[in-house]
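Chain letters run A, B, ... following the sequence lines, proteins first and then strands; every chain starts at 1. Fair warning: this is a prediction, and the values are worked out from it, not measured in the lab.
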Amino acid sequence: MIRLVCINELYQLLWEEYGPQHWWPAQSNFEIMVGAVLTQNTAWRNVEHALTNLKQARVLTPERILATPQHELSELLRPSGCYNVKAHRLRALCQWLVDNGGHAYLNCRSTRELRDALLSVHGVGEETADAIILYAFERPVFVVDAYTKRLLSRVGLIQGKEKYLTLQSLVAEQLGPNTVDFNEFHALIVEHVKRSCQKVPRCRECQIRHRCSYPVKTTQA
DNA sequence: ACCCAGGGTCATA
DNA sequence: TATGACCATGGG
């Protein structure tokens with residue numbers, strides 16, 4: 001088990017190994033928000049299928065999604081799984097955008113106001129809200145996901161039982177409130193997990209069932 | 001056939 | 001506060 005001294009060291013190692021990730025992959029801010037909802041507990045590959053469906057149906061705007069019947073929307077979202085739930089959540093997000101004048105008008109609000117408003121939208125939790133704030137609104141908010149928690153725990157930087165906001169402020173303290181670094185760090189963590197454990201169903205060293213998150217430059221021996 | 005994925009909500013204790 | 005069920009497709 002490799003142990004690291006600080007979060008900056010982990011960030012630096014990941015950066016050296018993988019380089020810039022150019023997140024979030026999307027053609028518009030709205031597409032980022034849609035993707036953030038669709039990717040909940042879902043592999044990104046499946047989300048891409050659903051996004052393609054929405055584009056081909058020419059419905060990738062808040063107004064057009066709201067004008068699309070529920071069952072039709074569900075069918076377009078089918079490849080991303082949980083499609084009935086996500087159709088409902090996507091509608092809630094679109095309604096919120098329309099009610100608040102869209103991205104441009106919302107962008108005048110403070111980051112905290114944005115976060116609170118997003119959290120009040122049905123289907124938007126802390127991680128989804130922060131992903132939207134960081135990648136669509138480009139505000140310095142770090143996105144804490146399960147990978148982050150697991151990786152920081154593995155390398156001995158946290159205990160593992162910390163709450164979301166605790167981890168978020170921990171990263172912010174060490175990296176400094178920087179949108180670019182928050183963007184890259186989160187993307188690098190996700191990319192690292194994807195790449196490092198693609199063909200490792202079970203790790204010998206840590207005996208974790210499926211994908212393990214070693215720091216870079218360590219193999220499964 | 002099982003496990004998980006770029007989570008969140010809701011019911012229960 | 002803290003688990004557990006549920007959503008549901010697609011790839012390993």
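- For the pair A/Arg115 and A/Glu126, the minimum side-chain heavy-atom distance is below 4.5 Å.
- One P atom belongs to B/dC10, the other to C/dA8, and the distance between them is 15 Å to the nearest Å.
- Rounded to whole angstrom, the span from the CD atom of A/Glu48 across to the C1' atom of B/dG6 amounts to 11 Å.
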I'd like a table of donor-acceptor pairs (distance under 3.5 Å, sequence neighbours excluded) in which one partner is a side-chain atom from residues 64-71 of chain A, with atom names and distances.
from	atom 1	to	atom 2	distance (Å)
A/Arg64	NH1	A/Arg58	O	3.0
A/Thr68	OG1	A/Arg64	O	2.7
A/Gln70	OE1	A/Arg91	NE	2.7

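- Applying the side chain to side chain contact (heavy atoms under 4.5 Å, CB included) rule to A/Arg109 yields the partners A/Asn100, A/Leu106, A/Glu113, A/Leu114, A/Ala117; only residues at least two apart in sequence or on another chain are considered.
- With rounding to whole Å, A/Lys194 atom NZ is found 7 Å from B/dG6 atom C1'.
- Here A/Asn46 lies in heavy-atom contact (under 4.0 Å) with a base.
- One side chain, A/Ser74 or A/Asn84, offers a donor N or O that lies under 3.5 Å from an acceptor on the other.
- Nucleotide B/dC3 holds its C1' atom 12 Å from the CG atom of A/Asn41, rounded to whole Å.
- Residues A/Leu13 and A/Glu17 are not in side-chain contact: their nearest non-hydrogen atoms beyond the backbone lie 4.5 Å or more apart.
- In this structure, A/Trp44 does not count as stacked on the base of B/dA5 under the 5.5 Å centre distance and 30° plane angle limits.
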Please write out each protein N/O paired with an N/O of nucleotides 8-12 of chain B under 3.5 Å, distance rounded to 0.1 Å.
from	atom 1	to	atom 2	distance (Å)
B/dG8	OP1	A/Gly125	N	3.0
B/dG8	OP1	A/Gly125	O	3.2
B/dG8	OP1	A/Glu126	N	3.4
B/dG8	OP1	A/Glu127	N	3.3
B/dG8	OP1	A/Thr128	N	2.9
B/dG8	OP1	A/Thr128	OG1	2.9
B/dG8	O4'	A/Arg89	NH1	3.4
B/dT9	OP1	A/Gly123	N	3.1

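- Here A/Leu134 pairs with A/Val143, A/Thr179, A/Phe182 under the side chain to side chain contact (heavy atoms under 4.5 Å, CB included) rule; sequence neighbours left out.
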(message) Go through it in stages, so that I can follow the logic: the residues are A/Lys149 and A/Asp145, the test is salt bridge (charged side-chain N to carboxylate O under 4.0 Å, His left out), and I'd like the CA-CA distance, side-chain angles, deciding distance and then a yes or no.
(response) CA-CA 6 Å; A/Lys149 203 170 193 176; A/Asp145 59 8; over 6 Å; no

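- Residues satisfying the ring pair (Phe, Tyr, Trp, His ring centres under 6.0 Å) criterion with A/His103, sequence neighbours excluded, are A/Phe137.
- Residues satisfying the ring pair (Phe, Tyr, Trp, His ring centres under 6.0 Å) test with A/Trp24, not counting sequence neighbours, are A/Trp44, A/Tyr135.
- No option in A/Leu51, A/Val47, A/Thr128, A/Val34 other than A/Val47 meets the side chain to side chain contact (heavy atoms under 4.5 Å, CB included) test with A/Thr39.
- What separates CZ of A/Arg195 from P of B/dG6 is a distance of 14 Å, to the nearest Å.
- Taking atom P in both B/dC3 and C/dG4, one finds a spacing of 15 Å when rounded to whole Å.
- Annotated stems with DNA chain B as a participant read B:2-5 with C:9-12, B:7-13 with C:1-7, given as range with range, by first number; only runs of 3 or more Watson-Crick or G-U pairs under 3.5 Å qualify.
- Annotation: ring pair (Phe, Tyr, Trp, His ring centres under 6.0 Å) contacts of A/Tyr11 (sequence neighbours excluded): A/Phe185.
- The shortest side-chain heavy-atom distance between A/Val171 and A/Val144 does not fall under the 4.5 Å cut-off.
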Listed pairs, N/O of protein and of nucleotides 1-6 of chain C, under 3.5 Å:
none

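- Of the residues in residues 19-28 of chain A, those placing a heavy atom less than 4.0 Å from an atom of DNA chain B are A/Trp23, A/Trp24, in numerical order.
- A/Ser153 and A/Gln159 share no donor-acceptor pair across their side chains, judged by distance under 3.5 Å alone.
- Atoms CZ (A/Arg45) and C1' (C/dG12) sit 10 Å apart, rounded to a whole Å.
- Using a 4.5 Å heavy-atom threshold, the side chains of A/Leu118 and A/Leu93 count as touching.
- A donor-acceptor distance shorter than 3.5 angstrom exists from the side chain of A/Gln168 to the backbone of A/Phe142, with no hydrogens or angles considered.
- Protein atom CZ of A/Arg150 is 10 Å distant from nucleotide atom P of B/dG6, rounded to whole Å.
- Under the ring-ring contact (aromatic ring centres under 6.0 Å, His included) criterion, the residue pairs touching residues 72-91 of chain A are A/His88-A/His122, with sequence neighbours excluded.
- Between A/Phe185 atom CZ and B/dG6 atom C1' there is a gap of 15 Å when expressed in whole angstrom units.
- One C1' atom belongs to B/dG6, the other to C/dA5, and the distance between them is 23 Å to the nearest Å.
- Separating the CG atom of A/Asp145 from the C1' atom of B/dG7 is a distance of 10 Å, rounded to the nearest angstrom.
- Non-hydrogen atoms lying under 4.0 Å from DNA chain C are contributed by A/Arg78, A/Pro79, A/Gly81, A/Cys82, A/Tyr83, A/Asn84, A/Val85, all within residues 73-87 of chain A.
- Using a 3.5 Å distance cut-off with no hydrogens or angles, the side chains of A/Asp99 and A/Gln95 do pair a donor with an acceptor.
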